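Structure, as structure tokens:
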Amino acid sequence: MDPIRRTILATGVAATAVATAGTRLFAQQTAQGGAAMGSYEKGDVRIHFEEAGSGFPLLVIAGGGLNSTISGLTGSSSPFNPMEEFKAEYHCIASDLRNAKGGESSGPLEVDRPWDAYTDDHLGLMDHRGIDKFLVLGFCIGGPLIWNLLRRAPDRVVAAVLAQPSGSRPEMRDLFYEGNMKGWGPELIARRPEITMEMVDKFLTRMYRTNPDFVFTVTRDFVRRCQTPVLILPDDIPAHPYAVAMEAAMLAPKAEVSMFPWKEPRERIPLAVRQIHSFLRAHRPA
């Protein structure tokens, strides 16, 4: 290589490294399967994310409750891997939920605003990647989180897919509180000694007991007024009540719903994925 060209290139690389460090952006790496990995910081919050594909942005929220992580997209909590399924047409972005077991995202336990703290992280990730408008697809806890995104940023979410969404069963109001007090809180305290069980109790009480109805994050009146197109794929297990999913589908003026059941037999899953493809194509901007 020409010595002058080599010097110019080296100078450019050094300048880029300095600029990157100044924004507190962590170096991106390549995950297994070719997905790009990265992290960003905002105050005391650090969010780990992965990206795959190109096209209109698609935010993906894994299932798994408060232990929602990117790895869950290939686990039992996800009937299919949306990063693989949609990367040919979309710029897919997924992140570990803040403080999830097995994840790399971390931050304060905001006991007075748990749902909004997670929504801050998702919107912050989109801001960090320079994305204004986007589609979103979420499993399980992704349901309440998507409704909160639609409440907080209705002008940014173009359309949403809620697969096997979480909801509140009248006969099992404390299902999520009790499950997380046993399965999430103790492990978090073991990793984060500054967090106490009293803080976990307040956090989960605010999240699941203060308004233990419907989809947790929004009211039925909000859903009635929501003008964002939504596709709902209901489930019917204790954490994913069929009745709540269908009530939301009936209330939302621009809602569509999948066949049910769509996960069993497994031969039906490709049909559900095909419907998601059609829905996203119909609503993404030209």
Side-chain angles (χ1 to χ4, degrees), residues 20 23 25-31 33-42 45-63 68-74 78 80-98 103-105 116 118-163 165 226-233 254 256 273-286:
T20 299
T23 61
L25 169 66
F26 291 81
Q28 287 197 346
Q29 302 173 340
T30 301
M37 298 189 302
S39 298
Y40 86 93
E41 286 188 357
K42 186 175 182 180
V45 178
R46 182 179 188 269
I47 300 299
H48 171 74
F49 64 91
E50 290 186 12
E51 302 176 281
S54 61
F56 194 79
L58 173 63
L59 174 65
V60 176
I61 303 174
S68 163
T69 62
I70 300 166
S71 62
L73 295 172
T74 58
S78 184
F80 59 92
N81 185 343
M83 302 290 277
E84 287 297 318
E85 185 62 47
F86 297 101
K87 68 180 182 180
E89 294 186 53
Y90 301 94
H91 173 192
C92 301
I93 307 171
S95 62
D96 295 335
L97 210 62
R98 185 194 302 195
E104 298 180 40
S105 296
D116 279 330
Y118 291 126
T119 300
D120 287 348
D121 297 343
H122 285 130
L123 293 175
L125 175 57
M126 295 293 100
D127 292 341
H128 169 71
R129 301 304 293 137
I131 293 168
D132 180 21
K133 297 184 183 298
F134 55 93
L135 300 160
V136 59
L137 185 161
F139 300 86
C140 182
I141 195 173
L145 289 171
I146 286 173
W147 285 118
N148 209 40
L149 277 168
L150 295 177
R151 181 183 65 86
R152 291 270 307 273
D155 57 330
R156 298 183 66 177
V157 182
V158 175
V161 179
L162 294 77
C226 180
Q227 294 300 311
T228 304
V230 296
L231 170 62
I232 297 176
L233 290 79
K254 295 186 178 180
E256 300 178 25
V273 172
R274 191 183 310 161
Q275 184 178 8
I276 296 173
H277 272 289
S278 298
F279 175 82
L280 295 177
R281 288 167 184 156
H283 295 290
R284 71 186 179 196

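The shown structure was predicted, so the numbers you read here are calculated from the model rather than taken from an experiment.
Of all heavy-atom pairs spanning Ala62 and Ser68, the tightest one is O-OG, 2.8 Å. Summarising the geometry of Ala159 relative to His283, their closest heavy-atom pair is CB-CB, 3.8 Å, with the distance given to 0.1 Å. Considering every non-hydrogen atom in both Ser39 and Phe49, the closest pair reads N-CE2, 3.5 Å. Of all the heavy atoms in Tyr90 and His277, the pair that sits closest is OH-O, 4.4 Å. Closest approach of Cys92 to Pro82, counting heavy atoms only: SG-O, 4.2 Å.
In this structure a side-chain-to-backbone donor-acceptor pair under 3.5 Å is present from Lys133 to Asp155. The backbone N or O of Asp96 sits nowhere less than 3.5 Å from a side-chain atom of Thr69 that would complete a donor-acceptor pair.
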Tell me which donor-acceptor pairs under 3.5 Å the side chains of residues 137-146 have, and how far apart each pair is, sequence neighbours excluded?
none

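Between the CG atom in Leu150 and the OG1 atom in Thr228 there is a gap of 5.0 Å [rounded to 0.5 Å]. If you take CG on Leu135 and CG on Leu231, they are separated by 11.5 Å, rounding to the nearest 0.5 Å. Here the CZ-CZ distance, from Arg281 to Arg284, works out to 6.5 Å after rounding to the nearest 0.5 Å. Here the straight-line distance linking atom NE2 of His122 with atom CG of Leu59 works out to 5.5 Å at 0.5 Å rounding. Taking NZ of Lys254 as the reference point, atom CD of Gln227 lies at 5.0 Å (rounded to 0.5 Å). The structure places CZ of Arg46 at 8.0 Å from OG of Ser105, a figure rounded to the nearest 0.5 Å.
Residues Leu280 and Phe56 form no side-chain contact, since every pair of their non-hydrogen atoms from C-beta on lies 4.5 Å or further apart. Between Val158 and Phe134 the shortest side-chain heavy-atom distance does not fall below 4.5 Å.
With sequence neighbours left out, His91 forms a side-chain contact (heavy atoms from CB on, under 4.5 Å) with Glu51, Ile93, Ile131. The salt bridge (charged side-chain N to carboxylate O under 4.0 Å, His left out) check on Glu104 picks up nothing, with sequence neighbours excluded. Asp121 is linked by a side-chain hydrogen bond (donor to acceptor under 3.5 Å, both in side chains) to Arg98, counting only residues two or more places apart in sequence or in another chain. Not counting sequence neighbours, the partners of Asp132 by the salt bridge (charged side-chain N to carboxylate O under 4.0 Å, His left out) test are Arg156. With sequence neighbours excluded, the residues that form a side-chain hydrogen bond (donor to acceptor under 3.5 Å, both in side chains) with Asp116 are Asn148, Arg151, Arg152.
Partner Met83 forms a side chain to side chain contact (heavy atoms under 4.5 Å, CB included) with one of Ile70, Val60, Thr74 and no other, that one being Val60.
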Set out, in order, the CA-CA distance, both residues' side-chain angles and the distance that settles side chain to side chain contact (heavy atoms under 4.5 Å, CB included) for Ile276 and Phe80, then state yes or no.
CA-CA 12 Å; Ile276 296 173; Phe80 59 92; 3.7 Å; yes
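Taking the six-membered ring where tryptophan is involved, the planes of Tyr40 and His128 are essentially parallel, since the angle between them stays under 30° and well short of 60°.
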